[in-house]
Amino acid sequence: MKDLKISHVYMNYHTLQGETKALEDISFSVSDGEFISIVGPSGCGKSTILNIIAKILIPSKGEVLVDNKSLEETSLKIGYMFQKDQLFEWLTVWDNVLLGLKIQHKVNEENKSKIIKLLTDYNLWDFKNHYPNQLSGGMRQRVALIRTLALDPSILLLDEPFSALDYQSRLNASDEIFKIIKHENKTAIIVTHDIAEAMSI
Ligand code: ADP
Ligand code: MG
């Protein structure tokens with residue numbers, strides 16, 4: 001990336017129960033290498049806006065621009081992290097971080113050494129043969145982040161990635177994750193309902 005611009009975005013959901021206005025005239029932009037957070041209570045539309053940026057949802061109105069081009073015209077590589085880390089319990093740390101590359105048929109020596117470096121830099125190399133249930137919640141989130149970074153996304157979207165962790169682990173885990181994102185120089189948007197978490201960024 002590239003600069004991301006969200007321009008006058010509206011999103012209405014239609015269900016049998018009626019219409020929900022999830023987003024109304026949302027505009028903001030994120031510059032290359034910037035790390036921003038969006039804070040708001042549950043149900044205010046945070047996941048909706050991330051899903052629109054990730055092209056999972058199409059906005060009812062408005063647009064998302066990447067370097068002034070529409071999202072459809074560009075190939076923005078999205079890294080998405082959720083509250084649940086989505087690690088596979090029956091795979092080791094190593095196999096988990098390699099999984100994205102395997103699916104995309106991109107396992108090669110260069111990518112492998114990149115993963116080795118990430119695991120080493122972020123204190124997970126000694127745990128490469130461990131299974132997710134042998135790790136702390138914070139370590140699991142780091143593994144999930146490294147799996148995402150292995151695919152070299154242009155932008156990282158983090159949807160309340162720490163809310164499943166207890167308070168103390170959350171402080172440590174968020175600190176570690178933010179350091180990694182800064183250090184890897186990634187453009188990132190984190191959404192959270194936790195003001196303290198947003199402040200700590
Ligand atoms: P947040 O992530 O901030 O908690 P969401 O983006 O998930 O908020 O939801 C915003 C609003 O849109 C809420 O009122 C929610 O109930 C509604 N909503 C979200 N997804 C759907 C959906 N698939 N169908 C209908 N309504 C939805
Ligand atoms: Mg949400």
Side-chain angles (χ1 to χ4, degrees), residues 1 3-31 34-66 70-72 74 76-88 100 132 137-149 151 153-178 180-181 186-201:
M1 268 242 309
D3 294 308
L4 186 73
K5 192 173 171 197
I6 285 75
S7 175
H8 302 287
V9 163
Y10 292 72
M11 185 70 202
N12 300 333
Y13 289 107
H14 299 274
T15 61
L16 290 173
Q17 285 73 38
E19 188 183 29
T20 305
K21 286 186 177 168
L23 299 173
E24 208 176 329
D25 200 10
I26 301 293
S27 299
F28 64 92
S29 48
V30 191
S31 316
E34 200 174 17
F35 187 177
I36 70 155
S37 73
I38 299 173
V39 193
S42 179
C44 77
K46 302 183 297 297
S47 297
T48 300
I49 192 77
L50 292 189
N51 284 334
I52 288 172
I53 295 168
K55 290 204 252 189
I56 293 167
L57 293 173
I58 297 166
S60 311
K61 219 174 119 187
E63 56 183 351
V64 178
L65 300 169
V66 182
S70 80
L71 207 50
E72 290 75 43
T74 51
L76 189 65
K77 281 201 280 177
I78 304 279
Y80 212 151
M81 271 184 71
F82 306 93
Q83 177 177 337
K84 226 186 140 284
D85 55 46
Q86 319 281 353
L87 296 180
F88 293 101
M139 289 165 86
R140 293 179 62 117
Q141 280 295 22
R142 256 153 51 219
V143 173
L145 179 62
I146 290 172
R147 181 174 66 186
T148 306
L149 290 173
L151 295 169
S154 333
I155 182 166
L156 279 170
L157 306 176
L158 301 105
D159 194 348
E160 314 217 31
F162 311 112
S163 37
L165 306 179
D166 61 75
Y167 184 71
Q168 193 63 43
S169 322
R170 203 158 79 212
L171 292 182
N172 292 331
S174 55
D175 210 44
E176 297 272 337
I177 293 285
F178 300 156
I180 298 174
I181 292 172
K186 285 288 167 190
T187 309
I189 303 175
I190 181 169
V191 304
T192 173
H193 64 270
D194 187 333
I195 294 178
E197 198 172 283
M199 293 287 289
S200 77
I201 305 174

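Ligands are counted one by one from 1 in listed order, and the atoms in each one are counted from 1 as well. Predicted model only: the values in this text are computed from it and were never measured.
- Counting only N and O atoms by type, the side chains of Glu19 and Asn12 include a donor and acceptor under 3.5 Å apart.
- In the displayed structure, Lys77 atom NZ is contacted under 6.0 Å by more than 12 heavy atoms of other residues, nucleotides or ligands.
- The aromatic ring centroids of Phe162 and Tyr167 lie 6.0 Å or more from each other.
- Between Ala22 and ligand 1, no pair of N/O atoms sits closer than 3.5 Å.
- Under 4.0 Å is where a charged nitrogen must lie from a carboxylate oxygen, and between Glu72 and Lys55 no such pair does.
- Not one N or O of Thr20 is nearer than 3.5 Å to an N or O of ligand 1, by distance alone.
- Residue Ser42 does not count as close to the Mg ion (ligand 2), with no N, O or S atom under 2.8 Å.
- A donor-acceptor contact under 3.5 angstrom links the side chains of Glu197 and Thr192, judged on distance only.
- Contacts between Thr15 and ligand 1 below 4.0 angstrom, taking non-hydrogen atoms only, involve the side chain exclusively.
- Ion pairing between a basic and an acidic side chain is recognised when a charged N comes within 4.0 Å of a carboxylate O; Lys61 and Asp25 show no such pairing.
- Atom 6 (O) of ligand 1 has its closest protein heavy atom at Thr48 OG1, 2.5 Å.
- Contact analysis leaves Gly40 out of contact with ligand 1, as no non-hydrogen atom separation drops below 4.0 angstrom.
- The nearest heavy-atom contact from the protein to atom 20 (N) of ligand 1 is Tyr13 CZ, 3.3 Å.
- Note that atom 16 (O) of ligand 1 has no protein non-hydrogen atoms nearby, at separations under 4.0 angstrom.
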